[in-house]
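Numbers here are sequence positions counted from 1. Being a predicted model, the structure only gives us computed values, none of them experimental. All ligand and atom numbering here is 1-based and tracks the order in the structure.
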Amino acid sequence: MHTTAHSHPLSYTDWTLTETQFDPDQLHARETVFTIGNGYLGTRGSFEEGYPRALPATFIHGAYDDVPIVYTELANCPDWLPLVVIVNGDRFRLDQGECLSYERQLDLRRGILSRSVRWRSPSGKTLDLHFERFASLADEHVLGLRCQITPVDFSGLVEVQASINGYAENQGFNHWEGLDQGKTNRGVWLQVRTRSSRIELAMASGMKISGAETSLQVTSAPGYPTLTAAFWAAPDQTVTVENIVTVFTSREGVTPVEAAQAKLAELPTYTALRQAHEQAWSQAWQKSDIVIEGDSRAQLAVRYNLFQLLISAPRHDDRVSVPAKTLSGFGYRGHIFWDTEIFILPFFTFTRPALARNLLTYRYHTLSGARRKASHAGYRGAMYAWESANTGDEVTPRWSLPHDPYAEDVRIWCSDREIHISADVAYAAWYYWYMTGDDLWMRDYGAEIILDTAIFWGSRVEWNTKQERYEIRSVIGADEYHEYVNNNAFTNRMVQWHLEKAISLYDWLDSSFPDRFAELKQKLKLTSERRSRWQDIVTNLWIPYDPATGLIEQFEGFFELEDINLQDYEPRIRSMQAILGIESANKRQVLKQPDVLMLFYLMRQSQEFPYSLAALQQNWDYYAPRTDITYGSSLGPAIHAILAADLGKSSEAYKHFIQAAMVDLEDTRGHAADGSHGASAGGIWPAVILGCGGVKLYRKWPRGQSTAAFRVETLV
Ligand code: IFM
């Protein structure tokens, strides 16, 4: 059973979320909720002073290291948060002494996390502490941390220690070996390296104290550079501790230890840095904000989800992408799924196309991994990994090992069978191009992605001689409750769509950029025979569909499976797969997440087959009641919100929109501790703008003219 956050709900204004009571049962979920970041790194909202069982983490894009079973994971980087305050010998911690008042707040407009605590020490000294931190959006290598300390009822000695903790762990495993550490006239620094991938990282930290007479001491331990100051404090006199941290890795093509120290040496004051950071956020919101009037909860929730996307998307790096749990938790080990291209990308394509381009270009740089995967499986072209990391090689674990020593290991089939990812990436590349008119990106990057994955499909489809049709067998569709199916309608139609677009792209490249076309023809072995085969597959690929009713069968044989009435299982707090078991769910007409309806969502943009309102209605009536929308995948509710809005079911649309929007804020699925649900956050923008807002977007320029302009039509 999961603990939900409902016992101590957060309170919301249009721009802030506030926690007014600390509940240790929600420790990990709230560490996720209060994550800050800047597109380079993410830092969970753990307390500066620590707490038993806390899971502090800082993840930097691309800083992966090897690990058994899941191959590679984002390494939890050295922790820049530790700030210890000692009052007359008592160390400030919320599990000791008495917490007289408490408030933690995330200000989304300014990108600042703060916390105010009135605390009475075990020996009876009361003091106010006000913490504040930010990961600069103006300079992604800069982090700021401030603590203001005000004695309430005593005069006495206060000691402050600010450290970099080089012993950060991923569930007991420390990825870093210490290389060196030291001090400069600005502070201290640490240099470490990942054990297998040998990525070097350096952090430098400088502390400044105002409001009291003191001097800084270096009191480092190995792997734990520390700056300490002791001062005399008196009632109502506030002492301010400002700690600025810089961070670099060898991925940025620099010597990190030199870069971190040089950056620290040149930085202005904490206040100036915070001002630049707030200015950068103000600009970011100008491009991306959505204003909702009359519904503060929805307003905050929308901004919160957009904030999650904005803090996760790389600004200056196109070799990394947003992991399923963003940079906010250990879940899925920092691996990248279709979540990014299909759910997260639209927000960026429409509001920050340069960031969308970074995310898509990651798929270009990982083509070699996708080619290795295809060739290893006996296919041609590029077959994207279901879970991807730095190289694009498959990193989905094959087995899930239960905690219970007597339970069976569970085989995970996604890397072998959830092959729709290759069409999803092509779809995202195509729509980025379609919406932005960025022909040069398509020429240099997108075309190779779409064409080489099309080549993969050419080798993956099978000809059924008896039925005289192409088929795609042994797959997992979008709905992961059915793990071995033939002719999944979602996969087959996405492949058909992909090949249709590959053919037009082939022709466009030939006529618009003949040199690049010639280059790709040679590199990918593109021939007119190959183009003809794609056309043949487009014409003859089977999609289980009954034109008389408009009903699509999720896969061959789905309608023959035992039917199920989900109402019979209410009330419940577990997924249908957890209740029925994997095998049993496999044999029933119950879906983890939209599958046929996912296809409707993806084809609605261009109103292509099978999208029509009548067909949507027909398929909605069949599939929506059979979908485990509340406890299946968190990817489902935003999609149901959009489709329900299309069908004029506004209260249902709102219900699903809220389900998606609150998944982390209210921890409605009990998984927020693992990191924020990136795809669900991504689905919020289309759910509000395209779904509830009824906005339709058409490209209005002729292809070949790169003018980013949309014709916007509002349907409601
Ligand atoms: O990509 C999703 C998948 O669709 C459902 N299971 C979780 C994955 C990561 O979010």
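- Among residues at least two apart or in separate chains, salt bridge (charged side-chain N to carboxylate O under 4.0 Å, His left out) pairs with a member in residues 475-487 are E480-K592.
- Residues satisfying the ring pair (Phe, Tyr, Trp, His ring centres under 6.0 Å) test with Y622, not counting sequence neighbours, are F559.
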Which protein N or O atoms sit under 3.5 Å from any N or O of ligand 1? Give atom names and distances.
unit_1: ligand 1; atom_1: 1 (O); unit_2: W338; atom_2: NE1; d: 3.0
unit_1: ligand 1; atom_1: 1 (O); unit_2: D339; atom_2: OD1; d: 2.6
unit_1: ligand 1; atom_1: 4 (O); unit_2: W338; atom_2: NE1; d: 3.0
unit_1: ligand 1; atom_1: 4 (O); unit_2: Q593; atom_2: NE2; d: 3.0
unit_1: ligand 1; atom_1: 6 (N); unit_2: E480; atom_2: OE1; d: 3.2
unit_1: ligand 1; atom_1: 10 (O); unit_2: D339; atom_2: OD2; d: 2.5

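- Ring pair H640/W620 is tilted by interplanar angle, where 30° to 60° counts as tilted.
- Between Y379 and W457, the ring center distance fails the sub-6.0 Å criterion.
- A centroid separation of less than 6.0 Å is found between the aromatic rings of Y427 and W497.
- Annotation: salt bridge (charged side-chain N to carboxylate O under 4.0 Å, His left out) contacts involving residues 616-626, sequence neighbours excluded, comprise D563-R626.
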